[in-house]
Amino acid sequence: MASRNECEGKYGEELKACLARIEELEARSGDLAESERTELNAMLDELRQKRADVWDNYEKMRRSKDDEWESHEGEIKHALLFLQDALDKSYSRWHK
């Protein structure tokens, strides 16, 4: 079992990586036609919301008491996997 600090570090790094990927997609939107940009922006809104959900769970874990933090770890894992899957799908469509 990982310690609280190890989990915070691991999930913090994964969140940073997701944010970097979202920013890459945001930069890509300037190169697209209007209709494609609209579609990408809608997808980016969804990705930002998913990232916010992961961040909320991460913060719950960080602020929880020493004997409660582990209960939030599963929520973070699930939300992070959901975000990463959505990013993978977005990249296959938009990152060229």
Side-chain angles (χ1 to χ4, degrees):
M1 177 188 323
S3 72
R4 180 185 195 141
N5 287 338
E6 291 170 333
C7 286
E8 285 181 20
K10 174 185 173 187
Y11 297 128
E13 290 302 314
E14 289 183 31
L15 271 168
K16 287 179 189 175
C18 289
L19 180 57
R21 291 179 76 191
I22 291 170
E23 289 172 350
E24 286 178 34
L25 288 170
E26 288 171 339
R28 172 82 174 113
S29 71
D31 300 333
L32 301 173
E34 185 64 33
S35 62
E36 289 181 318
R37 189 176 315 128
T38 301
E39 184 181 345
L40 176 57
N41 285 336
M43 188 171 288
L44 285 167
D45 288 342
E46 289 179 36
L47 290 170
R48 288 183 200 106
Q49 181 57 53
K50 288 177 174 121
R51 186 202 165 276
D53 293 342
V54 175
W55 180 254
D56 289 343
N57 286 318
Y58 179 77
E59 283 298 308
K60 284 179 194 175
M61 181 187 75
R62 288 187 63 228
R63 287 191 222 128
S64 64
K65 297 178 182 177
D66 287 340
D67 60 342
E68 296 175 348
W69 73 270
E70 289 179 16
S71 66
H72 298 289
E73 185 180 6
E75 295 171 10
I76 294 169
K77 281 182 187 178
H78 178 73
L80 195 53
L81 287 172
F82 195 56
L83 172 58
Q84 289 168 336
D85 182 58
L87 277 165
D88 290 344
K89 289 176 183 172
S90 298
Y91 259 65
S92 68
R93 168 74 172 97
W94 298 106
H95 195 264
K96 299 173 184 174

**Q** Taking only Lys NZ, Arg NE, NH1 and NH2, and the carboxylate oxygens of Asp or Glu, determine whether R4 and E73 approach each other closer than 4.0 Å.
**A** no

**Q** Do W69 and K60 touch side chain to side chain, with heavy atoms closer than 4.5 Å?
**A**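 No, too far: nothing below the 4.5 Å cut-off.
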
**Q** Return the CG to CD1 distance between L15 and I76, rounded to the nearest 0.5 Å.
**A**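 These two atoms lie 8.0 Å from each other.
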
**Q** Would you check if D88 and R93 make a side-chain contact, meaning some heavy-atom pair closer than 4.5 Å?
**A**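 They are not in side-chain contact.
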
**Q** Less than 4.0 Å between a side-chain N and a carboxylate O, is that true for K89 and D85?
**A** yes

**Q** Rounded at 0.5 Å granularity, tell me how far CG in L80 sits from NZ in K10.
**A** 8.5 Å

**Q** For residues L87 and L32: do they belong to one hydrophobic cluster (side chain heavy atoms under 4.5 Å, members Ile, Leu, Val, Met, Phe, Trp, Tyr)?
**A** yes

**Q** Shared ILVMFWY cluster between L19 and Y11, side chains joined below 4.5 angstrom?
**A**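 In one cluster with L19: Y11, no.
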
**Q** What's the shortest heavy-atom distance between I22 and L44, and which atoms?
**A** O-CD2, 3.9 Å

**Q** How about C18 and V54: do any of their side-chain heavy atoms sit closer than 4.5 Å?
**A**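 The answer is no, as the side chains (C-beta and beyond) never meet within the 4.5 Å cut-off.
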
**Q** Is the side chain of E6 donor-acceptor paired with the backbone N or O of S3 at a distance under 3.5 Å, no angle test?
**A**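 Yes: the side chain of E6 pairs with the backbone of S3.
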
**Q** For the residue pair Q49 / D53, report whether a side-chain donor-acceptor contact shorter than 3.5 Å exists.
**A**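 The answer is yes; a qualifying pair exists.
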
**Q** Assess the residue pair Q84 and K50 against the criterion (side-chain contact (heavy atoms from CB on, under 4.5 Å)); give the C-alpha distance rounded to whole Å, side-chain angles, the decisive distance to 0.1 Å, and a yes or no.
**A** CA-CA 9 Å; Q84 289 168 336; K50 288 177 174 121; over 6 Å; no

**Q** At what distance, to the nearest 0.5 angstrom, does CZ of R21 lie from OH of Y91?
**A** 5.5 Å

**Q** Among side-chain atoms of E8 and Y58, is any donor-acceptor pair under 3.5 angstrom?
**A** no

**Q** Check whether any side-chain heavy atom of H72 lies under 4.5 Å from a side-chain heavy atom of R62, and answer yes or no.
**A**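 Not in contact.
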
**Q** Could K16 and E13 be called an ion pair, given the rule that one side-chain N must be under 4.0 Å from one carboxylate O?
**A** yes

**Q** Does some side-chain heavy atom of E46 sit less than 4.5 Å from a side-chain heavy atom of S90?
**A** no

**Q** With side chains defined as the heavy atoms from C-beta onward, is the minimum distance between H78 and L81 less than 4.5 Å?
**A** no

**Q** Return the CE to CG distance between M61 and D56, rounded to the nearest 0.5 Å.
**A**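 Reported to 0.5 Å precision, the distance equals 13.0 Å.
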
**Q** Closest heavy-atom contact between R37 and G30?
**A**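 The pair with the smallest heavy-atom distance is NH2-O, 4.2 Å.
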
**Q** Rounded to the nearest 0.5 Å, how far does CD of E36 lie from OG of S29?
**A**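 Going from OG on S29 over to CD on E36, the span is 11.0 Å.
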
**Q** Under a 4.0 Å threshold between the charged nitrogen and the carboxylate oxygen, would R28 count as salt-bridged to E24?
**A**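 Salt bridge: no.
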
